[in-house]
Amino acid sequence: MKRLLLLTVAALGLTSGMARADYVLNILHTNDMHSRIEPINKYDATCSAEDDAAGKCFGGVARIAAEVKALRQSLAVQNVLLVDAGDQFQGSLFYTTYKGKAAAELMNAIGYQAMELGNHEFDDGPANLASFIASVNFPVISGNLDLSRSEELRGKVGRTAVFDIGGQKVGIVSALAVDTPETSSPGPNVIFQSDIDSLKAEVADLQAQGITKIVALTHVGFPEDKRIAAEVPGIDAVIGGHSHTLFSNDVKGAEPYPTMVGTVPVVSAYAYSKYLGHLVLTYDDAGNLKSAGGAPILLDASVSPDPQIAARVSELAAPIQKVREKVVAQSSAAIDGARETCRAQECTMGNLVADAMLDRVRAQGIEIALENGGGLRASIGQGPVTMGDVLTVLPFQNTLSTFEAKGSTVAKALENGLSQVGEGAGRFPQVAGLRFVWDAAKPAGERLVSVEVNEAGKWLPLDPDRTYGVVTNNYVRTGGDGYKVFDAEGMNAYDFGPDLADVTADYLAKTAPYTPALDGRIKRLN
């Protein structure tokens, strides 16, 4: 981190030789925190006190606070703006306990100046989001939402934000992913409009006010951010979230920071509080962007947590500590729940959760289990497995849903799950009692090559006309992540089974020591 900071400071030092009229804007940014208020370990799960003391952990809001404070002090003669690109909600016991109240308090304490809504801000409905917005002292924006029908949110979410920074007007335009109704619970009264069209209108509004320095703060994902950069004139930079994309100029395989789309820089800061983004924009005296630089700052053990924020986090953690520390099982190896694998291929966490679901309800005549890869939010390390670990993997409080479905319906559901692998969508199907082969080179909707179901120990082809017993979570069963076919064609549904986290913890205990493994139940061609 120190080397990155020195590089940033060195880059800023170059401005000393510039014309006095040059204007340098430093934008500090986070995204996809997912309630990682405490430090995280290498698996993006909550860090143990022992590992944190040993310097093995990253992030947490106390480190963000310390780094933001240090940068604001070192850049005292510069212009600094701190923003968040969404998904503060959902992902740890801090959210399930406080429902956004802890995030609001701590964001206020750190001094955030603007936030774009993330899709998970809607996970507990508009009323809970409205409570969060009422608790923060900065604007929460999302320009492509029509909230005129929403009693809870009407007039509370802005389209743009304007700041006077160093005597210059800086405008922020914004947009949220249009598939949020499929990935969260905004309800029927939150209307999503085209992000491109909305951003063009927002830019035009700001330009009509004489504002020329305009930055897009988005929660749409890196592929869409690049399209925005290419298609929306007047935007100087895009600061995004949603896809958890790693940007770095030092980590092999990461996207360059910034990634230039023509003359427009695009950046993001991974997820879970591991990095603090630092984008440096330099404008000439006519308000034209001359250059873009900076670097993401790794919040590792070299960053000492802010003591006041750390003390407050400890207070907030106290009521949930007993639940989190309860050891439920042992694992003989790490269980991979990484976004990169579980949204694209068979992963050991997917096998664990799907096997646990099927094991719980097999006696009810259930033969097939399906879990959306996006419902798996972390990995688990080797050794003792705590209830806190399980709840970090499965934080959504989803319940088991059982129903009946024709084989043709199951096939349609699998095609949906395979339809957006290239985009990293959360709908990728992790399965049990079923195995399939798919071809990534085929167009969406035609990717299934073969599907077999385990019937009394024998693998038989999926029969499109036969009725099967299926288990999934209530979110997927009711159409989440694009699985609308389950809602439309499923029969005799029961959505009120036990919590998926409890089911998984019980299965881990039943099979302890649990041995994670891949068995080829999902095979990819091309």
Side-chain angles (χ1 to χ4, degrees), residues 32-53 56-65 87-110 118 120-121 123-125 128-129 131-132 135-136 271-274 305-331 335 337 349 353 375-381 383-399 473 498-509:
D32 297 283
M33 292 279 290
H34 288 293
S35 194
R36 299 308 203 271
I37 286 173
E38 295 175 297
I40 60 170
N41 59 23
K42 64 182 179 179
Y43 301 111
D44 295 332
T46 302
C47 178
S48 68
E50 294 77 14
D51 282 349
D52 200 23
K56 297 180 180 179
C57 294
F58 308 89
V61 295
R63 282 195 175 95
I64 292 176
D87 273 5
Q88 282 282 335
F89 286 15
Q90 201 64 267
S92 80
L93 282 170
F94 270 84
Y95 181 74
T96 55
T97 302
Y98 295 108
K99 298 297 182 185
K101 293 179 181 178
E105 176 187 338
L106 295 165
M107 291 181 79
N108 285 339
I110 293 169
H120 286 290
E121 266 71 75
D123 278 0
D124 282 282
N128 185 63
L129 173 56
S131 177
F132 170 82
S135 300
V136 298
Y272 309 127
S273 77
K274 190 172 185 177
D306 179 278
Q308 290 183 323
I309 298 293
R312 180 58 179 149
V313 170
S314 294
E315 289 178 358
L316 291 167
I320 59 179
Q321 199 66 16
K322 288 184 179 180
V323 174
R324 181 165 52 195
E325 291 179 348
K326 179 184 177 183
V327 175
V328 297
Q330 297 278 331
S331 181
I335 310 171
M349 188 65 75
V353 174
L376 310 173
R377 309 304 289 191
S379 301
I380 292 177
V385 179
T386 66
M387 194 63 202
D389 293 330
V390 177
L391 287 164
T392 301
V393 174
L394 299 164
F396 299 110
Q397 298 180 293
N398 291 138
T399 56
N473 62 65
D499 187 286
L500 182 54
D502 291 333
V503 170
T504 302
D506 289 347
Y507 183 75
L508 282 166

Backbone of V503 reached by a side-chain donor or acceptor of D506 within 3.5 Å:
no

Approximate separation, where rounding is to 0.5 Å, of F396 CZ and L376 CG
9.0 Å

Test: E50 and K56 ion pair at under 4.0 Å
no

Starting at CZ of R36, measure out to CG of D87 and round the result to the nearest 0.5 Å.
11.0 Å

Please check: side-chain N/O of D44 versus main-chain N/O of G337, any donor-acceptor pairing under 3.5 Å?
no

Evaluate I37 against L106 for side chain to side chain contact (heavy atoms under 4.5 Å, CB included), listing each step before the verdict.
CA-CA 9 Å; I37 286 173; L106 295 165; 3.7 Å; yes

Please determine whether ring pair (Phe, Tyr, Trp, His ring centres under 6.0 Å) holds for the pair F132 and F89, giving the CA-CA distance in whole Å, both sets of side-chain angles, and the decisive distance to 0.1 Å.
CA-CA 10 Å; F132 170 82; F89 286 15; 5.1 Å; yes

One pair to check against salt bridge (charged side-chain N to carboxylate O under 4.0 Å, His left out): D52 and R63. What are the steps and the verdict?
CA-CA 12 Å; D52 200 23; R63 282 195 175 95; 3.4 Å; yes

Heavy-atom closest pair, residues A103 and Q88:
CB-OE1, 3.9 Å

To the nearest 0.5 Å, how far apart are CG in D123 and OG1 in T96?
12.0 Å

Taking all non-hydrogen atoms of both residues into account, name the closest pair between P384 and V327 and its distance.
CB-CG1, 4.3 Å

Is a donor on one side and an acceptor on the other found under 3.5 Å between the side chain of T46 and the backbone of I40?
no

Hey, could you give me the OG/OH distance between S92 and Y272, rounded to the nearest 0.5 Å?
11.5 Å

N128-S131 side chain donor-acceptor pair, cut-off 3.5 Å:
no

Given side chain to side chain contact (heavy atoms under 4.5 Å, CB included), test I64 with I110 step by step and report yes or no.
CA-CA 8 Å; I64 292 176; I110 293 169; 4.2 Å; yes

Assess the residue pair I380 and T392 against the criterion (side chain to side chain contact (heavy atoms under 4.5 Å, CB included)); give the C-alpha distance rounded to whole Å, side-chain angles, the decisive distance to 0.1 Å, and a yes or no.
CA-CA 9 Å; I380 292 177; T392 301; over 6 Å; no

Step by step, work out the salt bridge (charged side-chain N to carboxylate O under 4.0 Å, His left out) result for E38 and R324.
CA-CA 13 Å; E38 295 175 297; R324 181 165 52 195; 2.4 Å; yes

Between the CG atom in D502 and the OG1 atom in T399, the distance rounded to the nearest 0.5 Å is 11.0 Å

Are the side chains of Y507 and V353 in contact, using a 4.5 Å heavy-atom criterion?
no

To the closest 0.5 Å, what do you measure between CE (M107) and CE (M33)?
8.0 Å

Any side-chain to backbone donor/acceptor pair from Q90 onto E121? Under 3.5 Å, distance only.
no

Going through the distances and angles, do L394 and T504 end up as a side chain to side chain contact (heavy atoms under 4.5 Å, CB included)?
CA-CA 9 Å; L394 299 164; T504 302; 3.3 Å; yes

How far apart are the closest heavy atoms of S379 and A45, and which atoms are they?
O-CB, 4.0 Å

Heavy-atom donor-acceptor pair, S273 side chain to G60 backbone, under 3.5 Å
yes

Run D124 and K99 through salt bridge (charged side-chain N to carboxylate O under 4.0 Å, His left out) and show every step you take.
CA-CA 8 Å; D124 282 282; K99 298 297 182 185; 3.4 Å; yes

Correct closest heavy-atom pair for D51 and C57 would be CB-SG, 3.7 Å

Do other residues, nucleotides or ligands put more than 12 heavy atoms under 6.0 Å from Q308 CD?
no

Measure the shortest side-chain to side-chain distance between Y98 and P319 over non-hydrogen atoms and say whether it is less than 4.5 angstrom.
yes

On a heavy-atom basis, which atom in A501 and which in M387 lie closest, and how many Å separate them?
O-CE, 3.9 Å

Which heavy-atom pair separates I309 from D306 by the least distance, and what is that distance?
N-OD1, 2.9 Å

